[in-house]
Structures are given as C-alpha cells and as structure tokens.
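Some notes on the structure that comes next.
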Amino acid sequence: MKKKIRLLLFLFASLFLTIVGLQVYFNWLTWNSEQEIFKRKVHESLVSAKARTWQDHLNKSASHLATFLRDSTEISCRWNPESFTTTFTIKDKDSSSIGQHTVTLSLDQIKARYDRITPEIREKFILQFCENIKSDLKNSTLWYYTANIGRHMEKYYFYQPIDLREMEQNFSNALAENGIHYPFLVNDSLSGGWSTEKVDLSLYKPHGPHYFWASFNPPITYFLKQQLVSIIGTWMLIALSLITFLWIYKTLYTQEKLSEEKDLFITNMTHEIQTPVTAIQLASEALEQLDCTEEERRIFLKRISKNAASLAQLSTEILLESKLGTQNEILHLKTVIHEAAQLFPNLTYQLDGDHLIMGKKEQLFRVFRNLFDNSTKYNNNENVVVKIDAFTKGKTLEIRVSDNGIGIPVEHSERIFERFYRIPSTEVRGFGVGLSYVKKIIEGMKGTIKMVSAQGGGSTFIITLPK
Ligand code: ADP
C-alpha cells in the first residue's frame, strides 16, 4: 500500500509538474505573441498619427492660403468660348516681390459658366483652388501660381515645423483606437523599456530630419489585461487539482497509518498474550500429566494464577489504551520508569532528577517495560542494574538506558529494531517484536532511538524526544 501511495505521489507530481511546465510555456508563448501584437499596433498607430498630423498641417496651411486669397488677391472670371470653360484670374494686390503676379486658370471641378465674379463664385473658387493645392502638396508638388501664393505656401507649409505636441496627441488617440491605453514618453527612452522606430516628420528635407519616437514600459499590464481571465482561470484549476490531490493523499496516508497501527497493535498483543498463555498451558499440562506432590501442585497453581493475573492486567491495559491511549498528557519520566521497574523484582535502576514529557502514559510505560524486560532477559548477572541518564539537549530530551547485560554485537545494532529480528545466537525465548514496537512508539512521539553497545559491556539505548 505504501508503495502504491508513493507511486501515486510520484505520478501526480510528474503530472502536476508537466501541467505547470506546459502552462508556464504556454504563458510565455502568449506573452511573446502579445508583445508582438502590441508592437505591431504601436507601429500602426505611429504611421496613422503621422498621416493625421501631416493632414492637419496641410489643412491649416490651406486655410491660411484661403485667408490670403480673400485678403490679398483680386479674383475675376470670364467665360472662355474657345475652351468652353470659365477662366479665373488671380492677381496679387502686392506686386513688390519678384516673379509673376497674375495667373489665369480654369478648374476642372468648376464647369459652370460664369461671366463675372460674385462673392459666392469667388468663395467657391477659393475653396476649390485650396483643395487642388492640397492635393498637389500631398504629391510633394508646389506650383507657384503667383509669386505671393508660392511664398505663402512655402512659409506656412514647408518652413513651419510640425508641432510635436500635436503628433503626440494624434499618436495617443491612435493608440486608444487600437485598444492601447498605455503611458509613453516622447523622444526619450525609459530604462528597461521598449522604444518605437523614429519617424521623420520633416516636410522640407534641406531643413534636416525632425524625428518623433516614443518609449514604453514593457507591456506587461497590456498583456495581463488581455490574458487575465485565461491566466487566472488556468492557475486556479491547477491550484484546485493540487488541493484535491493533497486531500486524497492525506486521506490515503491516514488510512495507511491507521492500518499500520492496527497491525502493530495485533502483533504486540499476540506477543504479550503468548507468554502467559504458554506458561498456563505448560503448568496445566504438568498438573494433568505428572504425579505432583502437594508442594509442586501449589507452585504450578501459583504460576497459573500469576499468568492469569497478568492476562487480566493485559486486558485492562488494552481497555485503558482504547480509552486513554490516544490522549497526550504531561508525564513525569521518573514516575513512568518507577512503575515499569516495579515489574522486575531483581532489577535496580539509577535515575537522578526528573523530567516532564508530553506523551501517552501507556505507551511510554511499555517502552521502559520492554527495555527493562530485555535488560533482565539478556543478562547473566544475578542483579540486573540499569542506569538511566536523562538530560536536555537543545530542544530535545535525551534518555540513555544502559544495562549490565550481555551486550549486542555492533553489526546487529540497526536490525534489532526490525520486526521479528532476533540475534541468532540468543538462547533466550522471544518473538523479536519488542524493540520494533518500542521504536514505533518513540517515532510516533516524533523521537528517535538507537543502540550503542560493546559486546560483553552491556547495552545502551539512546532515546531522544522533543521537549
Ligand atoms: P525479543 O526480546 O522478543 O527477541 P526484541 O525486539 O525485544 O525481541 O529484541 C531483539 C533482539 O535484540 C533480541 O533477540 C536480543 O538478541 C537483542 N536485545 C535486545 N535488548 C537487548 C539487551 N538489553 N541486551 C542484549 N541483547 C538485547
């Protein structure tokens, strides 16, 4: 089961990491493509802002020209029967400058016959004439119809530099139309940011270039705005699956632990029951089969009643454990050791001072009872002496239990804690479960146990428990 849980954990971890990796890769791809889209939109906005700004400049120049034509020229017209067109004559009022000051022309757009000029026809002509000049200028052509018209257009169209603030406003509007509401800096770079290409706004090249460019912070906000719902949605799904898995894992793990505890309990109980049952069995068989004296009968009966009492004690303990065993309480180390040592009449123990431990009394009692039991069993001395040292070491309590027994060869020091493991040469009867049970209890209390021993020099068990 543990293996299966570990496999499940491994599979899920791989799956989870793959999903997270794919998601990060996908987000990275989207981030790159969104950056490209952002840059493309910015570029389009820049081109359209330039066109708009030039158009505005052209409109302004044309409106200056219209005012000039109204105020500073004399316009007349007549019907030309040869070409079947109305011809208009523009004459500069001020003829002081060099060049021609009169021009006669007809406009394709005014086809009607007019024999003489009126304010309405004059205005109509001025507006159409300005429109024609605008389309000429769009094609980068400037006709000097009269010297003053040419100069006027040079001054207002070519020599008047384009206002950068107007360009900035148009750029900002174009960005907004493209769905980008993102601050930028004009003709300056932001550290770590991204800059557009430089757009030349100059209309008259000999004046040199007149650049406009903008700098943006990395478009993360733009990206997040575009992808927010999908990013949050997917990451929430991932988090949800992680939570679900952890919950399933916790449930499985708890069940596994419960089943282990049940196994341990059954093994331990078997071990505890086996000894008195065997003793009762042997004594009753002896009573039945042997021809015993009164004295021997008394001894066997006493043995039976003693072992029956220990079985009764055991069942009481089980009952107690089922009721109180799960409850942690503050324990006096000295009291628990004293109670456990009482079960072994030929055992004397030495312990200075007392320490408080948080734990289950029954369990800690069994730890010492098992250790004392072993100290007595694996001992050739008549008097079993157990020395106990307990002291605080950092945030832990260290308890050293040393006996004057036969000791344990160092090569067995790890394996004696395995269930059913017994040192092969041992003649003493046993089941090899006592120390594994002790270890389980200590680990359940978040502690550790190890054995240090030199053969012939007794055994020392070192227990550490969190304080
Ligand atoms: P059991 O005593 O029933 O065999 P344990 O798990 O208590 O099982 O002990 C495992 C083995 O460790 C024993 O068989 C014994 O050889 C050895 N051992 C345990 N405690 C001691 C000790 N205090 N002195 C010498 N040997 C010991």
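Order of listing sets the numbers, starting from 1, for every ligand and every atom in it.
Heavy-atom separations between Tyr421 and ligand 1 include at least one value shorter than 4.0 Å. Residue contacts with ligand 1: Gly407 is included, with a non-hydrogen atom under 4.0 Å away. Taking 4.0 Å as the cut-off, Met451 does not count as a neighbour of ligand 1 on heavy-atom distance.
We find that Lys50 and Glu197 are not joined by a salt bridge, their nearest charged nitrogen and carboxylate oxygen being 4.0 Å or further apart. Ion pair Arg297/Glu294 flagged as a salt bridge, since at least one NZ, NE, NH1 or NH2 atom sits closer than 4.0 Å to an Asp/Glu carboxylate oxygen. Electrostatic pairing of Arg298 and Glu295 counts as a salt bridge here, judged by a charged N lying under 4.0 Å from a carboxylate O.
In summary, the atoms of ligand 1 found under 4.0 Å from a heavy atom of Gly434, numbered by their order in the structure, are 5 (P), 6 (O), 7 (O), 8 (O). Close contacts of ligand 1 with Ile423, meaning ligand atoms under 4.0 Å from a residue heavy atom, involve 14 (O), 16 (O), 17 (C). In summary, the atoms of ligand 1 found under 4.0 Å from a heavy atom of Ser459, numbered by their order in the structure, are 22 (C), 23 (N), 24 (N), 25 (C). Short contacts between ligand 1 and Arg422, defined as distances under 4.0 Å to a heavy atom of the residue, involve ligand atoms 1 (P), 4 (O), 14 (O).
Side-chain contact between Lys60 and Glu166 is present, with at least one heavy-atom pair separated by less than 4.5 Å. Residues Asn27 and Thr234 are not in side-chain contact: their nearest non-hydrogen atoms beyond the backbone lie 4.5 Å or more apart.
For Ile406, no nitrogen or oxygen atom sits less than 3.5 Å from a nitrogen or oxygen atom of ligand 1, counting backbone and side chain alike. For ligand 1, the polar-atom distance check finds an N/O of Leu435 within less than 3.5 Å of one of the ligand's N/O atoms. Geometrically, ligand 1 and Ser436 share no nitrogen or oxygen pair separated by less than 3.5 Å.
A side-chain donor from one of Gln55 and Asn59 sits under 3.5 Å from a side-chain acceptor of the other. Using modelled atom types, one finds a donor on one side chain and an acceptor on the other under 3.5 Å when comparing Asp200 with Ser202.
Under 4.0 Å from ligand 1, not a single heavy atom of Asp373 appears. Using a 4.0 Å cut-off between heavy atoms, His412 makes no contact with ligand 1 at all.
Distances from atom 18 (N) of ligand 1 to the heavy atoms of Asn404, Ile416, Ile408 put Ile408 nearest. By heavy-atom distance, the residue among Val401, Leu371, Asn370, Asn374 lying nearest atom 7 (O) of ligand 1 is Asn374.
Just one residue in the list Ile162, Asp163, Leu137 forms a side-chain contact (heavy atoms from CB on, under 4.5 Å) with His57, and that residue is Ile162. For the side-chain contact (heavy atoms from CB on, under 4.5 Å) with Val386, the qualifying choice from Thr376, Leu371, Val401 is Val401, the only one to do so.
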